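Every value quoted in this text rests on a predicted model; they were computed, and no experiment measured them. All chains are named by letter (A, B, ...) in the order of the sequence lines, taking the proteins before the strands, and each is independently numbered beginning at 1.
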Amino acid sequence: MPSTSLPASAVSLPLADWYRGAARDLPWRRPRFHEDFGAWGTLVSEFMLQQTPVNRVIPHLEAWLDRWPTPAAMAAASTSDVLQQWANLGYPRRALWLHRAAVEITERHGGVVPKDVDALLKLSGIGDYTARAVAVFAYGDRHPVVDTNTRRVMARAILGQAQPGPPSRRDLELMDSLLPADVAESAVFNAAAMELGATVCTARSPRCEICPLVGVCAWVAAGRPDTGDTRRRQATFEGSDRQARGAALRILRAAAPDAVLIDSVLAEWPDPLQRDRAIDSLIADGLAEADGEMLSLPR
DNA sequence: CATGCGTGGGC
DNA sequence: TGCCCAAGCAT
């Protein structure tokens, strides 16, 4: 399946060497972080990192864990407080799911973040990436961790493609085939592949001059061809329902814990139908609550 | 399998 | 400026 005749170690060894010298000093990579927050800290960080850049996550993560240092502490919080604390991290449904996961961990796992991938996958808001990220980065187990960075690195270095295709189960199989047999080495490999994709093998301007894999990269060997791009493009944000939802929720966060008159929310929005649709969908999603003429974050 | 879902920074 | 992108998930 991999279009390479090189052994997997030809990729993993230089990557591990590079990572030891080049890894960024991020909060969740400091030993103290795990002493204080354990797997819960990892889980919270992974939720926040789902589609939100590292630099915007860091201050929010520290504030979050100061306020709710355990799953049980967060499980006891109100939805309103959770959504306010989530602030402007984006995709606020993640805050709802994280809250639900905290309740599930408290009720079903005695307040301890599960270590088993299948148990993690059953928690709200946790999918293939987050489940394995927690198992690997919090507990040190051996699993393929595949995110957008990893998929891009594999697409280029192994498959010789400029960009990865749509996410697929095959990504997990390919990453698994590259994983070192040693447990500790496999964890480093997962982290290093992500780090390389985030800082060197980037989507727009890959810095092949400094890449530790330049000697084995299938894409470089082929002359960095433009192999096409089948990635899904984001829908235009300007004028979208998402924009309206975001604007409405921003108003509710600012007013919380108070409610506001529904009629006052987005009263000047250019498209009244879209404005109504946004508010109705926020309520349906559990991100807002209507009480008579008033609208607020859910209690 | 395709789509909807926030927010802000970089080029 | 406008577009692209960012440690995905649920449906």
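- Heavy atoms of A/A133 sit nowhere under 4.0 angstrom from any nucleic acid atom.
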Point to revise | Check against side chain to side chain donor-acceptor pair (under 3.5 Å), A/T52 and A/R94 | key: CA-CA 11 Å; A/T52 300; A/R94 289 180 293 161; 2.8 Å; yes

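- Here the side chain of A/A198 is nearest to one of B/dT7, C/dG8, C/dA7, namely C/dA7.
- A continuous path of Ile, Leu, Val, Met, Phe, Trp and Tyr side chains, each step under 4.5 Å between heavy atoms, connects A/L96 with A/L249, placing both in one hydrophobic cluster.
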Identify every side-chain donor-acceptor pair in residues 57-67 of chain A under 3.5 Å, counting partners at least two apart or on other chains, and give the distances.
unit_1	atom_1	unit_2	atom_2	d
A/H60	NE2	A/N88	OD1	3.4
A/R67	NH1	A/Q85	OE1	2.8

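- Residue contacts shown for A/Q243 are absent, as no nucleic acid heavy atom lies under 4.0 Å away.
- When the nearest nucleotides of DNA chain B are assigned to A/R94 and A/P166 by heavy-atom distance, the more 5′-ward of the two goes with A/P166.
- With C/dA7, C/dG8, B/dC5 as the candidates, the nucleotide lying closest to the side chain of A/T130 is C/dG8.
- A donor-acceptor contact under 3.5 Å links the side chain of A/R56 to the base of B/dT7.
- For the pair A/R204 and B/dG9, the criterion of a side-chain N or O lying under 4.0 Å from OP1 or OP2 is not met.
- Across all strands shown, A/L26 has heavy atoms under 4.0 Å from base atoms, whether or not it also approaches the sugar-phosphate.
- Residue A/N88 places no side-chain N or O under 4.0 Å from the OP1 or OP2 atom of B/dG6.
- For the pair A/D128 and A/T202, nearest-nucleotide mapping onto DNA chain C gives the more 5' position to A/T202.
- In this structure, the nucleotide among C/dA6, C/dC4, B/dG4 sitting nearest to the side chain of A/R233 is C/dC4.
- When each of A/F237 and A/S168 is assigned the nucleotide of DNA chain B bearing its nearest heavy atom, the one mapping closer to the 5' terminus is A/S168.
- For A/T52, the side-chain atoms get nearest to B/dG6 when compared with the rest of B/dG6, C/dA7, B/dG8.
- With P as the reference atom, B/dC5 and C/dA7 are 22 Å apart, rounded to whole Å.
- The side chain of A/N149 has C/dA7 as its nearest neighbour among B/dG6, C/dA7, C/dC9.
- Here, C/dC9 and B/dG8 have their P atoms 23 Å apart, quoted to the whole Å.
- The side chain of A/R231 has C/dC5 as its nearest neighbour among C/dC5, B/dT7, B/dC5.
- For A/Q51 and C/dG8, the shortest distance from a side-chain N or O to OP1 or OP2 is below 4.0 Å.
- Side-chain proximity of A/P53 to the nucleotides B/dT7, C/dA6, C/dG8 is greatest for C/dA6.
- Contacts of A/W28 with the nucleic acid, taken as non-hydrogen atoms under 4.0 Å apart, include base atoms.
- Counting any heavy atom pair closer than 4.0 Å across all strands shown, A/I126 reaches sugar-phosphate atoms only and no base atom.
- The side chain of A/R232 lies closest to B/dG4, out of B/dT7, B/dG4, C/dA7.
- Using modelled atom types and a 3.5 Å distance limit, the side chains of A/S124 and A/E104 yield a donor-acceptor pair.
- At a threshold of 4.0 angstrom between heavy atoms, the contacts of A/T236 with the nucleic acid are absent.
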Review point. For A/D128 and A/R132, what are the C-alpha separation, side-chain angles and deciding distance, and is it a salt bridge (Lys or Arg N to Asp or Glu O under 4.0 Å)?
Key: CA-CA 6 Å; A/D128 286 332; A/R132 289 171 179 78; 3.4 Å; yes

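- Residues A/Y129 and A/E46 have side chains that bring a donor and an acceptor to within less than 3.5 angstrom of each other.
- When heavy atoms are screened at a 4.0 angstrom cut-off, A/R169 is found touching no nucleic acid atom at all.
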